[in-house]
Amino acid sequence: MGQKDLEGFFASFLTKAPLFQNKKVLQANYTPDSIMHRDDQIKQMAHVLSPSLRNEKPSNIFIYGKTGTGKTVCIRYTTKKILSLAEQTKVPVFMLYLNCKLKKVADTEYRVIAQLARELKKTIPATGLPTDEVYNIFYKAINEKEGIYIIILDEIDQLVKKVGDEILYNLTRINSELDNAQVTLVGISNDLVFADNLDPRVKSSLSEEYLVFPPYNALQIQDILRERATKAFKPSVLQPGVLEKCAALSAREHGDVRRAIELLRVAGEIAERKSAVKVNIEHLDEAEEKIEKDRVLELVETQPKQFQATLYAILNLCKKQKNEQISTGDVYEIYKHVCKQTGLIPLTQRRISDIIAELDMLGIIGTRVISKGRHGRTREITIAVPDQTIPKIYTILLEALDIKE
DNA sequence: CGAGATTCATGTGAAGTATACCTTTAGGCTTAA
DNA sequence: AAGCCTAAAGGTATACTTCACATGAATCTCGTA
């Protein structure tokens, strides 16, 4: 694109009538002023957490619900209300929110505690400190300011699955170490079964109160979408049926509103880019494809080199032997070859086995451990990405690994 | 023919190693009195 | 002598390796009908 073109592009971008009037409303981190169809949950939450306003420690809560059922928004909303109320009445209440899923931020015991301490304005190095020491810093930071601390751990199932429940045990016992402050834990999980594998002490302590978020049905999703859409879009930009289809698509999965909202936003963006006057069904379909694609591509791009190399090996193998199932051993052979080609130091098969398991967790591939009787046992690996995206992934990997074909 | 025993190829857990990074401490150098 | 900087020592988390054992159904073995 020449510079002239670019100027023209900007000019036409600015003169073009935008479809959005407030796109923020459809962005992921937006907290609405009112939350629909969650009155019960919010009421219960408020009920449990309200003692904090009298400077008494609320019970710990365990919250369960599938993704996009409003868990995070509700707890954010409720705590926000409590915090502002607490500020008015000069009651010291604090809130710490942490999403344990974030890789490299909160996926080990050390990092979680360090991150929590950082929320309290402490500087903690990424490595080098003994975990006990980090605990101490954290305890001290909390004890510095008297009050009620509400610690929200989002997606703790991911954390516990990876590093065990010791952190939770320590955190539930934290109150006996403190004399000024008191801590309430809020655990949020997507996985219901996960609670059963916890240490009984942790489990009983964490789930003093128990809250379930059922999935939204299509009608509820429609309500919510309509709410947001009227705020986000200019009037009558949405073609009839778009909203309904958007809701239906998400309801079919498991009532994931976050996805529905994202879908609507991306559809709007696509329509805008095409200089369409209205958002129609085709835009929606395109958006659905794009979202999944973007998610995967982003994921692939941000993986460590070794993960990318492993994935590249798997992809290659899949291409070569279309319908045959691929096993860890095969992947490893190709992987070693890839390493030689790229100058990467090959890891052991043991490690690759783990990497494959992690790629599975990310949802890029699907694996199943099967026993082939006499012929041992292995993972059966399949690609869990729509076929159209694979070439894109390929090019990303080629570039990332610096392979010339 | 059927119940065990065997076998294979890898899953999986535990323990050890290398690396990168942290704090503390001791020594050396500079500076100001 | 006090203050500051540097380098070494001692310690940790994390990613990875090494070692060793666990798995589980296809296949084999062998006693029995």
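Order of the sequence lines sets the chain letters (A, B, ...), proteins ahead of strands, with each chain counted from 1.
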Problem - Sugar-phosphate, base or nothing in reach of Pro346(A), heavy atoms under 4.0 Å - result: sugar-phosphate

Fill in the blank from the handout: Minimal heavy-atom distance between Ala114(A) and Ile124(A), with the atoms involved, is CB-CG2, 3.6 Å

Completion exercise
Of all heavy-atom pairs linking Ala229(A) and Leu238(A), the shortest is CB-CD1, 3.8 Å

Problem - Lys71(A) side-chain N/O to Lys66(A) backbone N/O, donor-acceptor pair under 3.5 Å - result: yes

Fill in the blank from the handout: On a heavy-atom basis, the closest approach of Tyr139(A) and Asn170(A) is OH-O, 4.1 Å

Exercise for the section: Go through residues 375-383 of chain A and report each residue with a non-hydrogen atom lying under 4.0 Å from DNA chain B, sorted by number. Expected result: His375(A), Gly376(A), Arg377(A), Thr378(A), Arg379(A)

Problem - Bounds of contact between DNA chain C and chain A, in 5' to 3' order, using a heavy-atom cut-off under 4.0 Å - result: dG11(C) to dC28(C)

Practice task
Taking all heavy atoms of Leu49(A) and all of Ile150(A), pick out the closest pair and write down the distance.
Solution key: CD2-CD1, 4.3 Å

Problem - Closest approach of Thr378(A) to Ser327(A) (non-hydrogen atoms, all atoms of both residues) - result: OG1-CB, 3.3 Å

What are the atom names and distances for every N/O pair under 3.5 Å that joins the protein to nucleotides 13-20 of chain B?
residue: dG13(B); atom: N7; partner: Arg350(A); partner atom: NH2; Å: 2.8
residue: dG13(B); atom: O6; partner: Arg350(A); partner atom: NE; Å: 2.7

Practice task
Could you tell me whether the side chain of Glu244(A) and the main chain of Gly241(A) form a donor-acceptor pair under 3.5 Å?
Solution key: yes

Practice task
Of all the heavy-atom pairs spanning Val385(A) and Ile393(A), show the shortest one and how long it is.
Solution key: CG1-CD1, 3.9 Å

Practice task
Please determine if Lys245(A) and Glu288(A) form a salt bridge, counting it only when a charged side-chain N lies under 4.0 Å from a carboxylate O.
Solution key: no

Practice task
Check whether any side-chain nitrogen or oxygen of Ser371(A) sits under 4.0 Å from OP1 or OP2 of dC8(B), and answer yes or no.
Solution key: no

Handout entry: Electrostatic pair Arg295(A):Glu298(A) at N-O distance under 4.0 angstrom
Key = no

Practice task
Starting from P on dC21(B), measure out to CD1 on Ile124(A) and report it in whole angstrom.
Solution key: 17 Å

Handout entry: Euclidean distance, atom CD1 of residue Ile137(A) to atom C1' of dT23(B) [Å, nearest integer]
Key = 11 Å

Completion exercise
Whole-Å distance, Lys372(A) NZ to dG11(B) P, equals 11 Å

Exercise for the section: Tell me whether the guanidinium CZ or amine NZ of Arg38(A) lies under 6.0 angstrom from the six-membered ring centre of Phe213(A) and within 45° of its axis. Expected result: no

